[in-house]
Protein chains: 2
Amino acid sequence: MTLQTIADQVGVSRMTVSNAFSKPDQLSATLRERILSAAQELGYVGPDPAARALARGSTGAVGVIFTHSVRFAFTDLVATGFLGAIAEELAPTGLSLTLLTSSDDGDIVPARDVAMDGALVYSCDWKSQAVDFLHRRKLPLVYVDQDVDDDIPSVNIDDRGGAAAAARHVLELGHRRIGLLLSGTHGPYGLLATPEAAEGHSSRQRLLGWLDELGPAGAELISARQDSATPEHARWGARLLLDRPDRPTAVLCFSDAIAYGVLQAAAELGIDVPGQLTVVGFDDNPLASQVRPTLTTVRQDLAAKGRAAAAALTAAIEHARTGAPAPVEHIVLPTELVIRESSGPAAAPPRPGSAR
Amino acid sequence: MTLQTIADQVGVSRMTVSNAFSKPDQLSATLRERILSAAQELGYVGPDPAARALARGSTGAVGVIFTHSVRFAFTDLVATGFLGAIAEELAPTGLSLTLLTSSDDGDIVPARDVAMDGALVYSCDWKSQAVDFLHRRKLPLVYVDQDVDDDIPSVNIDDRGGAAAAARHVLELGHRRIGLLLSGTHGPYGLLATPEAAEGHSSRQRLLGWLDELGPAGAELISARQDSATPEHARWGARLLLDRPDRPTAVLCFSDAIAYGVLQAAAELGIDVPGQLTVVGFDDNPLASQVRPTLTTVRQDLAAKGRAAAAALTAAIEHARTGAPAPVEHIVLPTELVIRESSGPAAAPPRPGSAR
DNA sequence: GAGGCCTTCTTTACCGGTCAAGAGCCGCGT
DNA sequence: ACGCGGCTCTTGACCGGTAAAGAAGGCCTC
């Protein structure tokens, strides 16, 4: 059941049948009608996508790859916000979105073996083998929340500036002993987090942003990393900072998910927020305005990020298709401090041992 | 830069190079090594996915299609739970997940034009043209939350039984005037919802389940449909039921998302839950145990549903590949009533006009 | 020492389309 | 009456692989 089958049936050349489906203006309307109805009758649905992809050199799908487990794409509120915007933005172009797992093991590696027209590299370990495959395939790529590479279009947010604004905010509130809570799923958790040890571009940039302000101010810093994957982990990590006599009076968090863990840990320990503890998140995810107390955070516009990324990717694909030299843009979207209930003026520090 | 390039360079046949990449046991280790290093040197990444898809007849990706906007895949908590489980379950098989939009307009229709090995039909308008394309392509399919078709494997939950349990629960609590709140995004909203008018399999089954119990019990029913897409819509719909003198003392909701809207509307109207109003949801989504009051609901196991769907799909693909006759399974997963804070015994009905 | 089998590589024949250039026909302007 | 451009349709080449059967050599067996 191929084009040829229809062609023989109608008595035209294969090419004409192809045109009937793919380039309606290349043949007379009446013949086209005849061909389509013959196809209908024979149960021919349309040109085989795989064959078409080979001949045309394009597939109609783009990939998105991240180093985390695929599940992350559906559980993390920032990821869902972003990917949802991407998907919506891509829909009218007819492109479908394929979720690539970055499993380097196994004999099948999606980044190498799945046909696609281009890909988004999102929140990825940039030296991961999967990303390397994408490069070597010379696929049109767009980096999102990723260290910028001069040759590759990118969409980022002003992580560093936003983090600095958050730090400035707590300093202005009078806080001087400040906890920093990064995310991290690899390696040992615990105190001490340096820009070098930060996992991923955003972690690093946000930490740098905090330090930009806190360093010169001479604040006392207590940093740690924690996993935001599950609420249990998040709470556990927060304990590292709160369960100590010299606990910070303010905690800056890598994300709202982590900040949420801090809020819960604080509640369990009977620490009042913002009375005794100021908590600042990052992202302004949908939860941030729903939890009690509502979360002071740094907003990023996920919809705008999605739109920008989709636009950059379709542009890159278009340029690759036509062979035009691609102008490489590096977009940085603004962030904005949103002050809500979880931050307040520094109170007298609790006497050692009085916590809990 | 094709297999032939490498073949010429090394001085072997094209087929041997193909085997070096795809069937390592078909040639000597030393020659394979030689081929791979030559490929590396020439910058050849691996067999072209599109060409391989054509020759092999399989692509390494499966689709998932739903009638809603693609965004729905990332915003609805039930959808994200399910899709996350799917993606995770698919990862070890090496299959990637492609999100198909069901846009029938435009010249490119993913359901017809994207290459894939099989597809999940999830929560879809079953007479949608997109689903019809999938059928006609004779792709291995699995129906999820969909009316069963004898010829197509399906995974469903016991919607009707769960709904009946919820209805029984409110009856046992003494409620006799009961509101039914379905979901619906098409057509006019408003009172009156019949099984025929219900949109989609789940809606219909859940409504039937309620009626199974409420009908014989002679309860007074007030039904309506509302959109759960945004919290505003949800609240607005709930008003239809609550903003009336003879308002129900209990409301059964199609989903937790809708129930959440009812809770909010109740709070706005100063109606105490569960004191003056019992609210029962469906799905037991993550929110259900987080909101105050916590939501009495009917639990479905999304992870199990994802696992079952992924397994059914890979099985169907495998059968199609080998040409073996596919045993068509229809899986129905159990549901379970979870009683929390939002349901309580029926109180004396408010005197007409006293509401608000 | 001949036949059989395994390993390793090659040959031949597709997979199902699209691109680009060519050929027949028609109407039109002159 | 003729040349020319524009519509239609056809021709031939190519996209980059894989399946399956065949051929060459080596080892083992009896």
Side-chain angles (χ1 to χ4, degrees), chain A residues 1-36 38-39 42-60 107-108 112-117 137-138 321-323, chain B residues 1-36 38-39 42-60 107-108 112-117 137-138 321-323:
Chain A
M1 183 55 40
T2 73
L3 285 183
Q4 192 65 58
T5 321
I6 317 294
D8 293 346
Q9 169 87 7
V10 181
V12 294
S13 78
R14 186 172 69 210
M15 195 62 224
T16 300
V17 181
S18 171
N19 282 333
F21 282 98
S22 306
K23 298 187 179 163
D25 56 337
Q26 296 292 302
L27 67 164
S28 68
T30 69
L31 177 56
R32 170 156 197 259
E33 211 43 60
R34 209 145 58 83
I35 291 177
L36 291 186
L42 282 133
Y44 180 82
V45 185
D48 180 272
R52 171 184 273 187
L54 176 59
R56 287 227 270 227
S58 80
T59 66
D107 43 345
I108 192 163
R112 185 191 50 191
D113 299 326
V114 172
M116 52 193 154
D117 297 340
R137 281 173 68 179
K138 298 195 176 33
R321 200 180 61 74
T322 60
Chain B
M1 184 52 42
T2 73
L3 286 183
Q4 192 66 60
T5 322
I6 317 294
D8 294 346
Q9 170 88 7
V10 181
V12 294
S13 78
R14 186 173 67 210
M15 195 62 224
T16 300
V17 180
S18 170
N19 284 332
F21 282 98
S22 305
K23 298 186 179 165
D25 57 335
Q26 296 291 302
L27 68 164
S28 68
T30 68
L31 177 56
R32 170 156 198 256
E33 211 43 61
R34 209 144 59 81
I35 292 176
L36 292 186
L42 279 112
Y44 180 81
V45 185
D48 180 272
R52 170 184 274 188
L54 176 57
R56 286 227 272 228
S58 81
T59 66
D107 43 345
I108 192 164
R112 185 190 51 191
D113 299 327
V114 171
M116 51 193 155
D117 297 340
R137 280 174 68 180
K138 298 194 176 34
R321 201 179 60 74
T322 60

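Lettering of chains follows the sequences in order, A, B, ..., and the numbering in each one begins at 1.
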Worksheet, complete the sentence: Taking every heavy atom of A:T59 against every heavy atom of A:A115, the minimum-distance pair comes out as CG2-CB, 3.7 Å
Worksheet item: What integer distance in Å separates A:I6:CD1 from C:dG17:C1'?
Response: 13 Å
Item to complete: Identify the heavy atoms of B:F21 and B:A39 that sit nearest to each other, and give their distance.
Response: CZ-CB, 3.7 Å
Worksheet item: Just by protein heavy atoms under 4.0 Å, how would nucleotides 6-16 of chain D read 5' to 3' in B, S and -?
Response: ---SBB-B-BB
Item to complete: For residues B:M15 and B:Q26, determine if any side-chain heavy atom of one lies less than 4.5 Å from a side-chain heavy atom of the other.
Response: no
Discussion item. Looking at every non-hydrogen atom in both residues, tell me the closest pair between B:A20 and B:R32 and how far apart they are.
Written reply: O-NE, 2.7 Å
Discussion item. Which residue is it: A:T30, A:V10, A:N19? I am looking for the one with a side chain to side chain contact (heavy atoms under 4.5 Å, CB included) to A:I35.
Written reply: A:V10
